[in-house]
Amino acid sequence: MAPFIGIDLGTTNSLCAIFEDGQPKLIPNAIGQLLTPSVIGVTAADEILVGAAAKELAVVQPDRCMAAFKRLMGTNRRVQIGGREFSAPELSSLVLKSLKQDAEAYLGKAVRDAVITVPAYFNDNQRKATRLAGELAGLNVRRIINEPTAAALKYGFHDRQAEKYFIVIDLGGGTFDVTAMEVFEGTLEIISTAGESFLGGEDFTNRLTAWALESQKLNLETAEMRHPQLVARLRSECEAAKRRLAVESEATIRMPDLNGDIGDDPEILRVTQKQFDTLIDPLVKRLARPIAKAVRDSRRETGEFQNVILVGGATRMNAVRNYVKTFFGVEPLCTYDPDYVVALGAAVQAALISDDRAVDDMVMTDVCPFTLGVEIVKEFGQHQMTGYFLPIIHRNTTIPVSREQIVSTIAPNQREVLVRVFQGESRKVEGNLKLGELQVSGIPPGPSGQPIQIRFTYDLNGILEVEAFVPQTGKKFAAVLTQNAGTLSKAEIEKALRRMQGLKFYPRDEMRNRHLVLFAERVVGEVASFQRDELESGIDQFEQAMNSGDREWFEQSRTGLLTLLSTLGFVYEDETQEETP
Ligand code: AMP
């Protein structure tokens, strides 16, 4: 059978898994790690770096790198990196391509088919942008599934015969999703889902970064423009402090100078767990609404959820755990590593699609996370008011689903209707997200009230198709939702593909060494000045040895550099390949 991979394309990290020998397994990347940071770099030699190496480069040369581009999916924004311009799907495609190569190296076979996960709360534009990213990476995206659903599949896979309700709380790097579901004799039924597309671990790091900058009388937004190196290094310090605060009661942050160097005697900021909790309290409070909404929509009581599952690295924060625990009154479950569970679930989904015998007793149903509909005009006496929203598919309807509604013309002899499609929960369209529009023409002349049938079809990928039908003429119209950033014409896709194929990737088999060099270069800015020369000469030696082709010298200088780094207190971790869960 052709390999079929599952991919968790995260804001912060991405992962790839395969269903093999009846089990989902994670695939290590070029440097032996399971998590590939979703960071892209363009080197001075115009080579594309993906993952850990790009993340190291981002600390010292932020203008050559980009992270968190998942947040731009579904928008028309283009970003400049090292003199090149990219759209968000293009950047995501580089991450996907790198994971595809890792899978190919691991399996020793070409890989085409993939399941890619997205936050449940991703809208139609964002899903289409994700599918486009897959296409640009040379993948055949067989299914797009929701991250919490994937997490539930991993749990459901191991606990198939259970009979219970459970809720998945998924706080990733950039998004927050809550999903309620029922497991019953191998059937996993998603009942409701809610979330926020712009709330994740990165916001917590940003809050801490802003606080550290405030202590220097600096403001995050201004500093980001004026002193990008300072902010990049400080953010990396704050990220580490945030993680320490998940296990310790206090953490320190070394304040870099305006050039982003930490140097000999940096100012040390201390932050206690309590201070951090107060700082992030407004963010934690934002978890309440989606949780309450998902519970309400599930028509269950909070106490009926026997299992509360935590997914996404940001659920490791104590304040988040405590909040969830208090809300549901049970200790949240973290049986499987919250960083891995989505990718593993995506591989289970791949097994379901390819009818793998190991999952032939499992069935899964998902829901549409938001209401989808069209704009209508309402009549109040003599007055016609535009801007009202007519729902066609209600949120939390089981998918796939196809629903029809009849609308009508509002004026005599009206020959055309512009069907404007929206998603959201407001009764007026201005509060909802416009997905696109569909021009319906050739309506026969006549009084107002001529019917037009509108059909919405929401597929298993969470992608919407809109059709209109004029009964008198029998004419059908299918929507090209023009507003959609993810919808490119065939010619535009071809062009983007050629552009992506023209990029030069940093060679995969040299990535280990490159990563070590970039790691050491980042450390140069963090050691005392008397240690700097020695470290720089260690890096120079290693680089020369890398280019010399002299194996013995190469091994010696690599060991030398690793020892030096560890003497300076920086442990380089590429060799510590994690156990594949
Ligand atoms: P994900 O998108 O699921 O990979 O989530 C990554 C997010 O989890 C990032 O914002 C990380 O900063 C955050 N994260 C990972 N580990 C920890 C930890 N130990 N404590 C706090 N946040 C963490």
Side-chain angles (χ1 to χ4, degrees), residues 6-17 26 29 33-39 51-52 55 58-59 67-71 73 92 95 99 116-122 126 130 146-151 154 168-179 195-209 232 234-251 253 271 273 276-277 279-280 283-284 286-287 309-324 332 334 336-346 573 578 581:
I7 295 179
D8 169 5
L9 182 61
T11 309
T12 322
N13 294 302
S14 296
L15 299 86
C16 178
L26 292 170
N29 62 22
Q33 293 176 343
L34 299 172
L35 296 177
T36 296
S38 307
V39 185
K55 190 175 170 185
V59 180
F69 38 83
K70 183 169 167 180
R71 290 189 151 179
M73 291 293 265
S92 297
V95 175
L99 297 174
I116 304 180
T117 63
V118 294
Y121 232 60
F122 248 25
Q126 293 164 311
T130 306
N146 297 330
E147 287 161 10
T149 304
K154 166 73 178 159
V168 181
I169 306 285
D170 180 0
L171 187 63
T175 51
F176 177 53
D177 283 327
V178 188
T179 294
E196 249 204 64
S197 298
F198 290 91
L199 177 62
E202 306 305 311
D203 297 299
F204 292 74
T205 308
N206 269 346
R207 190 68 209 91
L208 192 57
T209 312
L234 181 62
R235 194 173 267 132
S236 144
E237 284 283 304
C238 290
E239 169 70 26
K242 176 183 84 171
R243 286 172 187 244
R244 276 199 303 278
L245 287 168
V247 281
E248 284 163 27
S249 58
E250 191 180 288
I253 298 166
V271 54
Q273 171 85 242
F276 181 62
D277 287 353
L279 266 182
I280 61 170
L283 294 171
V284 175
R286 278 170 58 194
L287 304 176
I309 295 166
L310 296 181
V311 180
T315 55
R316 291 207 178 89
M317 280 180 287
N318 291 321
V320 172
R321 286 184 173 216
N322 290 339
Y323 185 82
V324 171
C334 223
Y336 305 107
D337 190 314
D339 284 331
Y340 301 153
V341 60
V342 170
L344 293 166
E573 286 183 341
E578 294 140 271

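Atoms within each ligand, like the ligands themselves, are counted from 1 in listed order.
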(request) Answer yes or no: is there an ion pair linking Lys154 with Asp337, defined by an N-O contact shorter than 4.0 Å? (result) no
(message) For a 4.5 angstrom cut-off between non-hydrogen side-chain atoms, does Leu279 reach Phe204?
(response) no
(message) Checking a contact table here: which protein heavy atom is nearest atom 2 (O) of ligand 1, and how many Å away?
(response) Gly173 N, 2.9 Å
(request) Among all protein heavy atoms, pick out the one at the shortest distance from atom 23 (C) of ligand 1; state its residue, atom name and that distance to 0.1 Å. (result) Gly313 O, 3.3 Å
(message) Is the contact between Glu239 and ligand 1 made by the side chain, the backbone, both, or neither, using heavy atoms and a 4.0 Å cut-off?
(response) side chain
(message) Working to the nearest 0.5 angstrom, can you tell me the gap between Gln273 CD and Glu248 CD?
(response) 10.0 Å
(request) Return the residue, atom name and 0.1 Å-rounded distance of the protein heavy atom closest to atom 4 (O) of ligand 1. (result) Asn13 ND2, 3.8 Å
(request) Consider every N or O of Ala314 and every N or O of ligand 1, then say whether any pair is closer than 3.5 Å. (result) yes
(request) May I ask you to list the atoms of ligand 1 that are less than 4.0 angstrom from any heavy atom of Met317? (result) 21 (C)
(request) Please determine if Asp339 has a nitrogen or oxygen closer than 3.5 Å to a nitrogen or oxygen of ligand 1. (result) no
(request) With heavy atoms of Glu202 as the reference, note each atom of ligand 1 found under 4.0 Å away. (result) 9 (C), 10 (O)
(message) Whether the side chain of Asp203 engages the backbone of Gly200 through a donor-acceptor N/O pair (distance < 3.5 Å, no angle test) should be reported.
(response) yes
(message) Can you name the atoms of ligand 1, numbered from 1 with element, that are less than 4.0 Å from a heavy atom of Gly312?
(response) 3 (O)
(message) For a 4.5 angstrom cut-off between non-hydrogen side-chain atoms, does Thr175 reach Tyr121?
(response) no
(message) Within the 4.5 Å heavy-atom criterion, are Val284 and Leu287 side-chain neighbours or not?
(response) yes
(message) Looking at Arg235 and Glu239, is there a salt bridge between them, counting it only when a charged N and a carboxylate O are closer than 4.0 Å?
(response) no
(message) At less than 4.0 angstrom from any non-hydrogen atom of Ala246, what atoms of ligand 1 do you find?
(response) 20 (N)
(message) Restricting to non-hydrogen atoms, name the atom on Ala150 and the atom on Ala346 that form the minimum distance, rounded to 0.1 Å.
(response) CB-N, 3.9 Å
(request) Around atom 19 (N) of ligand 1, find the nearest protein heavy atom and jot down its residue, atom name and distance. (result) Arg316 CD, 3.5 Å
(message) I need the nearest protein heavy-atom contact for atom 22 (N) of ligand 1: residue, atom name and distance, please.
(response) Lys242 CE, 3.5 Å
